[in-house]
Asker: 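Here you go, one structure.
Sequential numbering from 1 along the given sequence is applied to the chain's residues.
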Amino acid sequence: MMIDFAGIKKDYLTHQKKIHFAIQKVLDSACFIMGDEVKKLEENLKNYVGSKYALTCSNGTSALILSLMALGIQKDDEIITSSFSFFASAEAIAILGAKPIFVDINPKTFLIDETKIKQAITKKTKAILVVSLFGNIPNMEKINSIAKEFGLFVLEDGAQSFGAIYQGKKSGNLCDISTTSFFPAKPLGCFGDGGAIFFNDENLYEKIYALRSHGQIKRYTHEYLGINARLDSLQAAILNVKLSYFSEILQKRQENAQKYQEKLKDYPEIFLQEITKDCKSNYAQFSILSKNRDSLIAYLKTKQIPTAIHYPIPIPKQKAFSYLNVEKKYFSQAQKITQEIFSLPLHAYLSDEEITYITQCIKEFKGI
């Protein structure tokens, strides 16, 4: 049995005609940068998320950089963030000359431990950048409360949580400013790179609109030092098609994740990510913990079951951040999880038979 890890090709083949039509329409128009498809996508995205504004950009990393720039983050400012995420979350902070202040994670949710945020705040702290990892959203009620108490901005790195819900509101509309990624393997992915930023402040709209195109407020008039981070029309057209059936995809992902949970919940040697109270995850990844991870991955490979490790090194331990000399006590839980975590195949086209086969193989390895 050959199992597809992310289902990208199956999704494309299922909706091939609509996607080809949308691509051809852009080719016929010869409007490849910005244009009607981008405007349409931004309208569709803000309506889906429920935010007042949505602006697209070149990828999820540029979305983070643009957001921090728009909030006025400068050299030597401090931004509190999670010690366990994809590298870009902290990279965006450092690129602007600011300092990422790493907070350890809750070992059950894999998300930033909100109970440890206050002790990380100093006079230099400007914002809290939370990560909605694998589609699971942190305790935003508590985090927003802390930010209000200390006069800080809150940013959500929602690169993996588009479509997820917290307390009845969608990821992207939970704090001052949020970002997402449309990398092909995301629940809503394009055929290259793409990203978006969500917010409700008109001033942020005007600034980010300029910043993503070299700081231009009109052609050849540059009010800010910006970057080139525009989304191309082909990717926007593809995303408009995929967004039209995204709710069906999301529901199927959630159903398949629930099937995994049901079949694996009674196996004590496997630990499942605990979903935050009041959160409905989009399950961008289905990640589990095993103390015998490497051996289990090797065994599953013999059964033609693909896996992936998200992520093998805590961010503060990456060589690029060695200059910070972060003490291990600030990421001890993250360090432990990086040694045990791995992801199983999860997508809308995963069959019941495949889920049963995967979980049976895990049982056989564990001898349960």
Side-chain angles (χ1 to χ4, degrees), residues 1-11 84-86 105-111 131-138 158-166 171 180-181 183-189 246 248-276 279-294 296-297 299-301 303-312 337-366 368:
M1 180 180 291
M2 293 294 294
I3 297 174
D4 190 348
F5 184 80
I8 297 172
K9 188 172 183 179
K10 288 182 180 179
D11 184 72
F84 181 60
S85 173
F86 179 61
I105 58 171
N106 180 322
K108 294 182 179 180
T109 64
F110 311 161
L111 306 175
V131 182
S132 294
L133 197 66
F134 309 144
N136 195 18
I137 299 172
Q160 301 179 18
S161 58
F162 187 82
I165 295 173
Y166 175 81
S171 172
T180 199
S181 167
F183 182 77
K186 305 297 185 188
L188 179 65
F246 178 68
E248 301 166 27
I249 293 293
L250 180 60
Q251 182 177 346
K252 189 62 179 174
R253 291 184 74 93
Q254 291 166 334
E255 289 173 356
N256 283 341
Q258 288 167 7
K259 290 171 186 174
Y260 267 134
Q261 290 169 335
E262 184 63 30
K263 292 177 182 296
L264 293 173
K265 67 179 182 180
D266 294 327
Y267 304 131
E269 294 185 48
I270 294 294
F271 182 84
L272 304 176
Q273 182 186 33
E274 182 179 294
I275 303 304
T276 305
C279 172
K280 187 174 184 180
S281 177
N282 71 353
Y283 295 99
Q285 303 291 347
F286 192 85
S287 296
I288 64 176
L289 304 182
S290 171
K291 294 186 183 299
N292 298 307
R293 179 188 66 188
D294 294 345
L296 177 53
I297 286 175
Y299 176 76
L300 294 177
K301 186 176 181 179
K303 299 295 184 179
Q304 297 183 306
I305 298 171
T307 60
I309 298 177
H310 303 98
Y311 299 97
I337 279 181
T338 58
Q339 296 168 353
E340 299 180 6
I341 196 164
F342 72 104
S343 302
L344 298 174
L346 192 283
H347 52 83
Y349 303 93
L350 200 64
S351 69
D352 290 352
E353 180 185 11
E354 288 172 322
I355 294 172
T356 298
Y357 175 71
I358 292 166
T359 54
Q360 282 179 343
C361 287
I362 292 173
K363 279 174 55 177
E364 289 168 5
F365 173 80
K366 294 297 179 183
I368 298 172

Asker: At their closest point, which heavy atom of P187 faces which heavy atom of N282, and how far apart are they?
Answerer: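 Closest pair (atom of P187, atom of N282, distance): CG-ND2, 3.6 Å.
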Asker: Not counting sequence neighbours, which residues clear salt bridge (charged side-chain N to carboxylate O under 4.0 Å, His left out) with K9? List them please.
Answerer: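 Testing K9 for salt bridge (charged side-chain N to carboxylate O under 4.0 Å, His left out), a comparison that skips the adjacent residues, returns none.
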Asker: Report the C-alpha separation of I305 and Y357 in whole Å, then their side-chain angles, then the decisive distance to 0.1 Å, and conclude whether the side chain to side chain contact (heavy atoms under 4.5 Å, CB included) test is met.
Answerer: CA-CA 9 Å; I305 298 171; Y357 175 71; 3.7 Å; yes
Asker: Quick one: sort the Y311 and F134 rings into parallel, tilted or perpendicular, breaks at 30° and 60°.
Answerer: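 Y311 vs F134 ring planes: parallel.
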Asker: For the residue pair E262 / Q258, report whether a side-chain donor-acceptor contact shorter than 3.5 Å exists.
Answerer: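 Q258 vs E262: no donor-acceptor pair found between side chains.
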Asker: Does the side chain to side chain contact (heavy atoms under 4.5 Å, CB included) test come out yes or no for I288 and F342, once each step is laid out?
Answerer: CA-CA 6 Å; I288 64 176; F342 72 104; 3.6 Å; yes
Asker: Nearest heavy-atom pair of S290 and L296: which atoms, and what distance?
Answerer: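 Result for this residue pair: OG-CD2, 4.1 Å.
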Asker: Rounded to the nearest 0.5 Å, what separation is found between the CD atom of Q261 and the CD1 atom of I275?
Answerer: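 It comes to 6.5 Å.
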Asker: With the side chain counted from C-beta on, respond yes when F162 and F246 share a heavy-atom pair under 4.5 Å apart, and no when they do not.
Answerer: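 The answer is yes, as the side chains (C-beta and beyond) meet within the 4.5 Å cut-off.
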Asker: Are there more than 12 heavy atoms of other residues, nucleotides or ligands under 6.0 Å from atom NZ of K301?
Answerer: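 Open: at most 12 neighbouring heavy atoms sit under 6.0 Å from NZ of K301.
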Asker: In Å and rounded to the nearest 0.5 Å, what is the CD to CG distance from E255 to L250?
Answerer: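 If I round to the nearest 0.5 Å, the distance is 10.0 Å.
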Asker: Side chains of S343 and H310: donor-acceptor distance under 3.5 Å anywhere?
Answerer: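 Side chains of S343 and H310: pair found under 3.5 Å.
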Asker: So which of T180, I137, N136 actually passes side-chain contact (heavy atoms from CB on, under 4.5 Å) with S171?
Answerer: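 Considering T180, I137, N136, a side-chain contact (heavy atoms from CB on, under 4.5 Å) with S171 is found only for I137.
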Asker: Please report the interatomic distance CZ(F286) to CZ(R253), rounded to the nearest 0.5 Å.
Answerer: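 One gets 11.5 Å once the value is rounded to the nearest 0.5 Å.
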Asker: Which residue is it: T359, I355, T356? I am looking for the one with a side-chain contact (heavy atoms from CB on, under 4.5 Å) to K259.
Answerer: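 The passing option is I355.
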Asker: Using side-chain heavy atoms (C-beta onward) and a distance below 4.5 Å, is L300 in contact with L344?
Answerer: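 The answer is yes, as the side chains (C-beta and beyond) meet within the 4.5 Å cut-off.
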Asker: For L133 and F84, what are the C-alpha separation, side-chain angles and deciding distance, and is it a side chain to side chain contact (heavy atoms under 4.5 Å, CB included)?
Answerer: CA-CA 9 Å; L133 197 66; F84 181 60; 3.5 Å; yes
Asker: When rounded to the nearest 0.5 angstrom, what distance separates CD1 in I358 from NZ in K303?
Answerer: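 If I round to the nearest 0.5 Å, the distance is 13.5 Å.
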Asker: So, taking the atom named OH in Y166 and the one named OG in S161, what distance separates them when rounded to the nearest 0.5 Å?
Answerer: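 OG of S161 is found 13.5 Å from OH of Y166.
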Asker: Can you check whether L111 reaches I105 side chain to side chain, under 4.5 Å on heavy atoms?
Answerer: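 No; the side chains remain at least 4.5 Å from each other.
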Asker: Just so I know, are the side chains of Y349 and D4 near enough to count as touching, which here means a heavy-atom distance under 4.5 Å?
Answerer: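 The answer is no; the side chains never approach within 4.5 Å.
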Asker: Taking the side chain as everything from C-beta on, heavy atoms only, tell me whether S181 gets closer than 4.5 Å to K186.
Answerer: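 A side-chain contact under 4.5 Å exists here.
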Asker: Between V131 and F86, does the side chain to side chain contact (heavy atoms under 4.5 Å, CB included) criterion hold? Intermediate values first, please.
Answerer: CA-CA 9 Å; V131 182; F86 179 61; over 6 Å; no
Asker: Quick one: closest heavy-atom pair of G135 and A164, and the distance?
Answerer: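 Scanning both residues completely, I find the closest heavy atoms to be O-CB, 3.4 Å.
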Asker: As an exercise, state the distance from CD of Q254 to NZ of K280, rounded to the nearest 0.5 Å.
Answerer: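 The CD atom of Q254 sits 4.5 Å away from the NZ atom of K280.
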Asker: Looking at R293 and E340, is there a salt bridge between them, counting it only when a charged N and a carboxylate O are closer than 4.0 Å?
Answerer: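 So E340 does not pair with R293 through a salt bridge.
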Asker: Check side-chain contact (heavy atoms from CB on, under 4.5 Å) between P306 and all other residues, then give those that pass, not counting sequence neighbours.
Answerer: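 With sequence neighbours excluded, P306 shows a side-chain contact (heavy atoms from CB on, under 4.5 Å) to I3, F5, P345, given in chain and number order.
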Asker: Where is the tightest heavy-atom contact between F365 and N292, given as atom of each residue plus distance?
Answerer: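 Distance-wise, the nearest heavy atoms are CE2-CB, 4.1 Å.
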Asker: Any side-chain heavy atom of I362 sitting closer than 4.5 Å to one from Y267?
Answerer: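 Not in contact.
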